[in-house]
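Below you'll find the structure, written out as structure tokens, and then a few comments.
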Amino acid sequence: VSIGDHPIRRVSVAVPARVNLIGEHTDYNGGAVLPAALPIFLHVTLAPRAADRVTARTGSVRLQPDGPRLQPDHREWRVTDERPRGDWTDYIQGVVCELRRAGHAIRGFDITIDSDIPPGSGLASSAALQVAAVRALAEAFAIRLDPMDLARLVQRAENTFVGAPVGIMDPVACVFGEPRSALHLDTRTLRFERVPLPASLGVVVIDSGSSHAHATGEYRKRREQCEAAARALRVTHLAALDAGTAPARDAIDALPAPLDRRARHVVTEHARVGQAVAALRAGDLARFGALVDASHASLRDDFEVSTPDIDRLVSIARGTPGVLGARITGGGFGGSVLVAVEGSRADQAGAAIVARYNPQAALPARVVV
Ligand code: GLA
């Protein structure tokens, strides 16, 4: 059976979650990031159909590791429809619109999502969904896409169709991420190198249980403040400033609050990424842990994207045997905590942190990885 030239067949695609080791809120400031793929996945299955209609369904979507699953949900629309609805299906409709705008012929299809990546947990569930949808569409409709163009297309869809002003890190991490190595990505040139993670480094990711949203509010505000700071400092992007030089530091200190704090976070965080890569390459885990801690302090005090619950989780993590450093990871305002830990003690550390945090917590935290 075929539609035009396309044989009808089902395609299945799996895309991993990512955790950003360090380099937070630098990706829309031309800075460096260091995400790594996690061994939890979002799967889509897609089958083209003859009519020009799309049906998107959730199969089994976990809201939290070992936690409840999303109620089955579905929506149907015409493939030419360009109106967002304001729900999860916008991620699929958005990439369809972008592919069609780029001149690719997309017909109707059925798509089902099964996912172990908790939505809103700061682990790039939305980028994973969009990357998986584009890959499946490309395979089903015989579209050739360069992988970096795929990542750019996903960012564009999320910026324009979904309306979330996110950077390029998550789609790049979901497209190129591999287990046990991190991507040291320059978000200005989109060049990256793979940094192997030392076998002695354990990475524990703990979902705080409180989820975030980037389409509204504070994420957008941070981005606008960074742009305002760059304009005031007469640079095209904040990462162009060198945190190590006195003139740059003085110029940042002279900005009106809170732009001074926002800019300080970005330039110091950008510098920390380079230092963290050097520490990982040298196997200096203590230094890596100290940089992770410094990143959290900067995100909490200068960028102000942490929450009291996350701060408590981070401080419990730091007091746990074997832990090298801990910080909020992802966009902030909830989501997950990254704990760098001596590899042999990772399982015990994760369990101990959650056991100490949960009795006084409004929402239970859970170890994701
Ligand atoms: C979210 C966005 C990314 C990045 C991070 C913060 O995950 O999707 O583009 O800005 O927040 O580092």
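Keep in mind the model is a prediction, meaning the values are calculated, not measured. When a ligand or atom number is given, it counts from 1 through the structure's own listing order. The figures that follow rest on heavy atoms only: side chains count, while hydrogens, waters and symmetry mates do not.
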Review point. Does a side-chain N-to-carboxylate-O contact under 4.0 Å join Arg83 and Asp81?
Key: yes
Practice item. Below 4.0 angstrom from a heavy atom of Met169, which ligand 1 atoms are there? Numbered from 1 as shown, please. Key: 4 (C), 5 (C), 12 (O)
Check your understanding: Would one find an N or O of Glu24, backbone or side chain, under 3.5 Å from an N or O of ligand 1?
Key -> yes
Practice item. Return yes or no for this condition: an N or O of Tyr28 is under 3.5 Å from an N or O of ligand 1. Key: no
Exercise for review: Run the salt-bridge test on Glu218 and Arg222 with the 4.0 Å N-O cut-off and return the result as yes or no.
Suggested key: yes
Exercise for review: State the atoms of ligand 1, each with its element, that fall below the 4.0 Å cut-off from a heavy-atom position in Gly167.
Suggested key: 9 (O)
**Study point:** Proximity of Arg18 to ligand 1 by residue part, where a heavy atom lies under 4.0 Å
**Key:** side chain
Check your understanding: So is there a nitrogen or oxygen of Thr26 less than 3.5 Å from a nitrogen or oxygen in ligand 1?
Key -> no
**Study point:** Over 12 foreign heavy atoms within 6.0 Å of CD, Gln348
**Key:** no
Point to revise | side-chain hydrogen bond (donor to acceptor under 3.5 Å, both in side chains): pairs with one or both residues in residues 25-37, sequence neighbours excluded | key: His25-Tyr28
Exercise for review: Please list all pairs passing the ring-ring contact (aromatic ring centres under 6.0 Å, His included) test where one or both residues lie in residues 149-186, with sequence neighbours left out.
Suggested key: Phe176-Phe192
